[in-house]
Amino acid sequence: MHSPLPVFALLLNALIWGLSWWPFRLMHEAGLHPLWATALMYALVLAGLLTLRPASLRQAWQYPVLLLLAASSGLNNVAFNWAVTVGDVVRVILLFYLMPAWAVLLAWKLLGEKPTPMALLRLLLAFGGVVLVLLPADASLSGLFAGLTLADALAVFGGFMFALTNVLLRRFQGIPAQARMLAMFAGCMSMGLLTALSASSLGVVPGFPAFDGSWVLVALGLAVLLMLGNWALQFGAAHLPSGVTSVVMLSEVVFASVSSVLIAHEALSVRTLAGGALIMGAALLATLGRIQRK
């Protein structure tokens, strides 16, 4: 009999990320912009990792190519955290989960994996879902980008960078896992800090605020949860087939959707639900394809 612990671990990780929008909004309301919050929390996470696994720093220095992974994972995190803080949570999560569609195009370009007819079907489903989510009911296709918000753009960009991160992880699978993890955490911290400094100098976001217990405690708590979620992901993914892992991780969409309705009182339109069904269908087809290849 197989232990249910790996599945529960993955569900825990999905729950943490599915609810992460809430503490980011609490910190934002208390004066800490999500860009500064991202830099601060991952500085704490990075410090924790180096304390527990100091050898990972020496390993990471041996692979300069990890700078690409650091940049992609950092930009992915920055875009996602900013988007779920200022945008409609369900809409952001759905656009972010275009990742399987982007992965088809990136794997074709970077790994030389030509798309199969099934992969092209996934692209059609995913981008068809995007049209339903983004296009107002009374608009034509030419007006698809007219109502695009900052959160929408960040979500699409974040999903693209998430797909790039996954492709790079496959390409760098010969590099020790600790070194890759360190690069990703360092990238999240550095990209968050660089983006915050740049946006602040341009007047796009406010500067770093004075320390306030109302957001300090939330930041510390979320940093601990992110470390716990990463451990849960590593544990679950190491004990389950990748196809099963992908299916379980889609529960993040459910956690985010339900929590946004219950906590933020966001509404789910029929078009959003239909578009989400197409996007999730594309993700499930990608997962089933991986399972069949095994």
Side-chain angles (χ1 to χ4, degrees), residues 5-7 9-10 13-14 17 42 45-80 96-116 118-119 122 158-192 226-250 252 283 286-294:
L5 287 179
V7 173
L10 292 178
N13 179 70
W17 278 107
Y42 276 99
V45 171
L46 188 61
L49 176 63
L50 288 174
T51 300
L52 296 173
R53 302 288 175 84
S56 59
L57 181 60
R58 185 175 64 256
Q59 286 182 331
W61 278 119
Q62 298 174 11
Y63 303 95
V65 73
L66 286 177
L67 288 173
L68 294 173
L69 182 62
S72 66
S73 58
L75 290 172
N76 151 41
N77 224 272
V78 164
F80 178 81
F96 185 79
Y97 264 89
L98 275 174
M99 186 272 292
W102 295 129
V104 172
L105 300 176
L106 286 168
W108 186 9
K109 181 67 176 177
L110 298 179
L111 302 178
E113 298 178 359
K114 292 184 178 180
T116 63
M118 185 59 72
R122 297 201 305 267
F160 178 83
M161 297 310 297
F162 186 36
L164 178 58
T165 298
N166 281 296
V167 171
L168 290 176
L169 283 171
R170 286 170 57 192
R171 190 161 186 172
F172 301 155
Q173 58 187 337
I175 297 176
Q178 285 186 21
R180 284 179 283 150
M181 189 187 309
L182 178 71
M184 293 173 72
F185 286 162
C188 292
M189 180 196 71
S190 58
M191 289 296 106
L226 289 177
M227 288 192 68
L228 177 61
N230 183 270
W231 171 85
L233 176 62
Q234 299 291 333
F235 174 79
H239 291 82
L240 291 171
S242 61
V244 176
T245 297
S246 299
V247 170
V248 176
M249 290 307 296
L250 288 177
E252 178 186 338
T287 298
L288 292 174
R290 283 198 292 270
I291 293 175
Q292 288 173 356
R293 286 195 297 271
K294 290 180 180 301

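The shown structure was predicted, so the numbers you read here are calculated from the model rather than taken from an experiment. Every heavy atom of this structure was used, including side-chain atoms; hydrogens, water molecules and symmetry mates were not.
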Could you pull out every donor-acceptor pair under 3.5 Å between side chains of residues 51-60 and any protein atom, sequence neighbours left out?
from: Thr51; atom 1: OG1; to: Ala47; atom 2: O; distance (Å): 2.8
from: Ser56; atom 1: OG; to: Arg53; atom 2: O; distance (Å): 2.6

*Of all residues at least two apart in sequence or in a different chain, which pass the side-chain contact (heavy atoms from CB on, under 4.5 Å) check with Ala79?*
Leu154, Phe157
*Could you list the residues that satisfy side-chain hydrogen bond (donor to acceptor under 3.5 Å, both in side chains) with Asn77, not counting sequence neighbours?*
Tyr42, Asn81
*To the nearest 0.5 Å, tell me how far Met161 CE sits from Leu75 CG.*
4.5 Å
*What's the shortest heavy-atom distance between Ser190 and Gly187, and which atoms?*
OG-O, 3.3 Å
*asked:* Measuring only between side-chain heavy atoms, which start at C-beta, is Met184 closer than 4.5 Å to Leu169?
replied: yes
*About how many Å separate CH2 of Trp17 and CZ of Phe80, when rounded to the nearest 0.5 Å?*
6.5 Å
*State which residues pass ring pair (Phe, Tyr, Trp, His ring centres under 6.0 Å) with Trp61; sequence neighbours excluded, sorted by chain then number.*
none
*Who passes side-chain contact (heavy atoms from CB on, under 4.5 Å) against Ala232, sequence neighbours left out?*
Ala9, Leu12, Asn13
*asked:* If the condition is side-chain hydrogen bond (donor to acceptor under 3.5 Å, both in side chains), which residues does Ser72 pass it with, not counting sequence neighbours?
replied: Thr165
*Apply side-chain hydrogen bond (donor to acceptor under 3.5 Å, both in side chains) to Gln178 and list each qualifying residue two or more places apart in sequence or on a separate chain.*
none
*Check side-chain contact (heavy atoms from CB on, under 4.5 Å) between Met181 and all other residues, then give those that pass, not counting sequence neighbours.*
Leu49, Phe185, Asn230, Gln234
*Measure the spacing between CZ of Arg180 and CG of Leu168 and express it to the nearest 0.5 Å.*
11.5 Å
